[in-house]
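Read the structure below first, then the notes.
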Amino acid sequence: MDSTSATHDVTNQPPPLAPYDASEDTALLEGLRREGAGWAEGDVRRLGRLAGSAEAQEWAELANRHEPVLRTHDRYGHRVDEVEFHPSWHHLMRVAVTEGQAGAPWADDRPGAHVARTAGGLAWGHTDAGHGCPTSMTYAAVPALRHQPELAKVYEPLLTAREYDPVLRVPTEKRGLLAGMGMTEKQGGSDVRTNSTTATPTAEPGVYTLRGHKWFTSAPMCDVFLVLAQAPEGLSCFLVPRILPDGSRNTFRIQRLKDKLGNRSNASSEPEFDGTVAWLVGPEGRGVKTIIDMVNCTRLDCVMMSATLMRKTLVEAGHHARHRSAFGARLADQPLMRNVLADLALESEAATTLTLRLAGAADRAVRGDEGEQAFRRIATAVGKYWVTKRGPAFTAEALECLGGNGYVEDSGMPRHYREAPLLSIWEGSGNVNALDVLRALVKEPGTADALFAELALAQGADARLDAAVTRLRGLLASASETGARRLVEQMALTLQASLLVRHAPAPVADAFCATRLGGDWGHAFGTLPDTAGLGAILGRALPGEH
C-alpha cells in the first residue's frame with residue numbers, strides 16, 4: 001500500500017444504518033395491540049422494514065435534495081400553475097397512499113382502523129416528513145366533507161381509495177384523489193376569522209366564486225382543497241377542485257413556493273383565487289365549525305410525526321453510539337452517554353404511547369363513544385402542544401450524540417433537526433393550542449372530567465403521579481390565559497406518566513415519574529438520577545444496540 005493512501009483509511013466510523021426495521025419499537029407494537037389494532041401488526045412490520053430499507057431511505061434523501069419546482073406557464077404561455085417533483089417524491093407518495101396513510105381508514109369498518117394508520121405512520125415516517133402533509137390533509141378532509149353529504153357521496157370514495165394518481169384531471173375521472181387545505185391568509189395566520197377571501201353565490205345553488213389570496217397552502221398539486229372564505233352569512237368552508245367537471249382548469253394561480261426552514265420535499269404555496277369556482281361545504285357562516293373535525297385529525301398527525309421524528313433520531317443516535325469508540329470504550333458503554341440515550345428513550349416512549357392512546361380515542365370517538373370523544377377533544381390539543389414542543393430539543397440532543405458527524409448534511413440529522421419546529425407551528429402554534437385547551441375546559445366541561453377519568457385509572461400506583469394529579473387540579477382551579485402553557489404542560493406530563501405507569505415496565509415508569517413529575521432531573525437530557533435503571537430502559541428502547 002502506498003504510504004500516502006494509508007492516511008485515508010477509514011476507521012472508527014459506524015456502518016450505514018439501513019437496512020433496518022423502523023417498526024422494531026416495543027412501545028409502538030404494544031400500543032398498536034393495546035389500542036385495538038393488533039390485526040394490523042403484520043402490515044405495520046412490513047411497512048417498517050420497507051421504511052428502513054436502503055431504497056426508501058434514498059427516496060427520502062433525494063426528495064429533499066431535489067426540491068419541488070414551480071411552473072406557472074407552459075412553453076406556449078398558457079397558465080398551468082403546476083409543481084414538478086422528483087420521482088422519489090412519487091415513490092414515497094405511492095407507498096403511503098397504497099398502505100392506507102391517506103383517507104383509507106374512513107372506508108375501513110374494522111375497529112382500530114385509525115390506530116393502524118397512526119402506527120403505520122410511526123413506522124413509515126422514518127423516511128421523509130414532507131409527503132406526510134398531503135396524506136394527512138387527505139385523511140382529515142373526509143370528516144369535514146361529510147358536512148355536505150351530496151359532495152361526500154361523490155368525493156369520499158376517491159379520497160379513501162388506495163390509488164395514487166398525481167396527474168391533474170377531472171377528479172371524478174380518477175381512481176384516487178388527494179385533498180389540501182387553504183385556511184390561512186397573510187393578515188391573520190391562525191386567526192382565520194380575519195380572512196378576506198370573498199365567496200360570491202352564483203345562480204347555481206351551492207356554487208360560489210372565490211376571490212382572494214391564501215398565504216400558506218401546502219401540496220398545491222392536490223386534486224381538491226377545502227378553503228375558508230367570507231360568504232354573505234359569514235366565514236364558510238368551500239371545496240375547490242383544481243380541474244373543473246368540464247375539464248378546464250379552475251383559477252388557482254400559484255404566486256410562489258415558500259422557501260422554508262425544513263419540510264423541503266413538500267411544496268407550500270401562495271395561491272390566488274379570482275373567479276375560482278367552489279362548492280359550499282356545510283352551512284354558510286359555519287366554516288370554523290365545519291373544519292373542526294379536520295383540525296382534530298391534523299393535530300393528531302402532528303403528534304404522530306413528532307413522535308416519529310424522536311424515534312428516528314434516537315435510533316440514529318443509538319446506532320452511532322454502538323459503533324463509535326472514544327477514550328478507550330464504545331460510546332454506548334460509557335455511563336454518561338448511556339444516561340443521555342436513556343433519557344431520550346424515556347421521552348420517545350412517552351410520546352409514542354401518548355400518540356397511540358390519542359389514535360385509539362379518535363377511533364372509538366368515530367364509532368360513537370362519547371367519553372372517548374370528550375377525552376380526544378382535550379387530550380389531542382394537550383398532546384399537540386407538548387409533544388411537538390419537545391421535538392426540537394430532542395432532535396438537537398440526538399444530533400449531538402453524533403458529534404461533528406451529526407452536523408454534516410450527509411448524516412441526515414440536520415434535515416430532521418430542521419423538520420422538528422414545523423410540527424409545533426402547523427395546525428396552530430403553541431399558544432394557539434394552549435388557549436384551545438382553556439377554551440375546551442370552559443365551553444365543554446366534560447373534557448376535564450374525561451381527562452381526570454383517564455388519570456384515575458392509574459390512581460394509587462405511584463405517589464408522585466398521585467401528587468401530580470393533585471397539583472393539576474389546583475392549577476385547573478386557577479387557570480388563566482397567562483398560565484395556559486404551564487397548565488397544559490402539567491396536563492401532558494401527568495397524562496404521559498399515567499400511561500407509562502399503567503403500560504410500561506417499572507424502570508421506565510419509575511424514571512419518568514422521578515424526573516418529569518418528581519423533579520429529580522436537570523434542565524437538559526442526560527440528567528437522569530443514578531438510581532434510574534439505564535440498562536432496562538435502553539434494552540427496551542434499543543434492543544439491537546445494547
Side-chain angles (χ1 to χ4, degrees), residues 14 17 22 25 57 60-61 64 122 125-130 132 260-265 302-324 326 331-332 334-352 354-355 383-426 429-430 433 485 489 492-493 496 511-512 515-516 521-528 532 534 537-538 541-542 545:
L17 173 61
D25 178 358
Q57 291 295 307
E61 196 277 326
N64 282 273
L122 286 164
H126 281 234
T127 56
D128 158 73
K260 299 174 292 184
L261 169 68
N263 205 247
R264 307 287 292 193
S265 66
C302 288
V303 181
M304 179 261 288
M305 292 175 189
S306 287
T308 304
L309 196 58
M310 289 182 188
R311 178 64 189 174
K312 167 66 172 174
T313 54
L314 172 62
V315 170
E316 294 277 5
H319 177 77
H320 180 88
R322 182 188 181 193
H323 294 280
R324 179 82 164 177
L331 292 179
Q334 298 190 20
L336 190 51
M337 178 60 79
R338 288 171 64 79
N339 194 313
V340 171
L341 292 173
D343 210 352
L344 292 173
L346 287 179
E347 195 75 26
S348 175
E349 177 155 354
T352 297
L354 177 57
T355 297
K384 165 66 168 73
Y385 171 81
W386 182 244
V387 176
T388 63
K389 270 276 179 276
R390 298 297 288 155
F394 187 106
T395 52
E397 193 67 60
L399 182 155
E400 189 176 326
C401 290
L402 278 65
N405 290 328
Y407 204 68
V408 174
E409 288 289 342
D410 285 350
S411 72
M413 296 296 270
R415 169 160 62 91
H416 304 318
Y417 182 61
R418 290 191 298 269
E419 194 71 40
L422 168 66
L423 298 165
S424 183
I425 296 170
W426 184 32
S429 60
N433 277 270
R485 285 189 173 214
E489 178 178 316
L493 291 173
Q496 286 182 320
F512 190 90
T515 54
R516 276 67 170 174
W521 199 30
H523 294 287
F525 287 107
T527 54
L528 296 179
L534 302 185
I537 295 169
L538 290 170
L542 300 169
E545 306 295 340

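Quick caveat, the model's predicted, so the values are computed rather than measured.
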### Task
Determine the minimum heavy-atom distance between Gly522 and Thr527, stating which atoms define it.
N-OG1, 2.9 Å
### Query
Taking the side chain from Asn64 and the backbone from Ala60, do they hold a donor-acceptor pair closer than 3.5 Å?
yes
### Task
Decide if atom CD of Glu400 counts as having more than 12 heavy atoms of other residues, nucleotides or ligands within a radius under 6.0 Å.
no
### Message
Keeping Thr515 on the side-chain end and Ala511 on the backbone end, is there a donor-acceptor pair under 3.5 Å?
### Response
yes
### Message
Working note: Asp343 + Arg516, criterion salt bridge (charged side-chain N to carboxylate O under 4.0 Å, His left out); need CA distance, chi angles, decisive distance, verdict.
### Response
CA-CA 11 Å; Asp343 210 352; Arg516 276 67 170 174; 2.8 Å; yes
### Message
For a quick test of reading the model, state the closest non-hydrogen atom pair linking Pro414 to Leu399 and the distance between them.
### Response
N-CD1, 4.2 Å
### Query
Any side-chain heavy atom of Arg324 within less than 4.5 Å of one from Leu402?
no
### Distance, nearest 0.5 Å, that separates OG of Ser348 from CD1 of Ile537
12.5 Å
### Message
Just verifying a value: how many Å separate Leu261 CG and Leu422 CG, rounded to the nearest 0.5 Å?
### Response
9.0 Å
### Query
What is the distance from atom OG1 of Thr395 to atom CG of Leu314, rounded to the nearest 0.5 Å?
12.0 Å
### Query
Closest heavy-atom contact between Ala326 and Leu331?
CB-CD2, 3.9 Å
### Message
Rounded to the nearest 0.5 Å, what separates atom CG in Leu542 from atom CZ in Arg311?
### Response
5.5 Å
### Side-chain donor or acceptor of Gln57 paired with backbone N/O of His126 under 3.5 Å
yes
### Query
Rounded to the nearest 0.5 Å, how far does CE of Met413 lie from CG of Asn405?
11.0 Å
### Query
Quick one: does Pro14's side chain get under 4.5 Å of Arg322's, heavy atoms only?
no
### Query
Does Lys384 use its side chain to pair, donor to acceptor, with the backbone of Leu423 at less than 3.5 Å?
yes
### Query
Hey, mind stepping through Lys389 and Tyr385 against side chain to side chain contact (heavy atoms under 4.5 Å, CB included) and telling me if it holds?
CA-CA 6 Å; Lys389 270 276 179 276; Tyr385 171 81; 4.1 Å; yes
### Query
Atom CG in Leu122, atom CE in Met310: separation rounded to 0.5 Å?
11.5 Å
### Task
Any chance you could lay out the side chain to side chain contact (heavy atoms under 4.5 Å, CB included) test for Phe512 and Glu349, step after step, and finish with the verdict?
CA-CA 10 Å; Phe512 190 90; Glu349 177 155 354; over 6 Å; no
### Query
Looking at residues at least two apart in the chain, or sitting in another chain, which of them share a ring-ring contact (aromatic ring centres under 6.0 Å, His included) with Phe525?
Phe394
### Query
Which heavy-atom pair separates Tyr417 from Ala396 by the least distance, and what is that distance?
CE1-CB, 3.6 Å
### Message
To check you understand the geometry: which heavy-atom pair defines the closest contact between Leu341 and Ala317, and what is its length?
### Response
CD2-CB, 4.0 Å
### Message
Testing the basics here: between Val387 and Ser306, what is the closest heavy-atom pair and its distance to 0.1 Å?
### Response
CG1-CB, 3.8 Å
### Query
Any salt bridge between Glu419 and Arg415, counting N to O under 4.0 Å?
no
### Query
Quick one: are Asn433 and Thr388 in side-chain contact, heavy atoms under 4.5 Å?
no
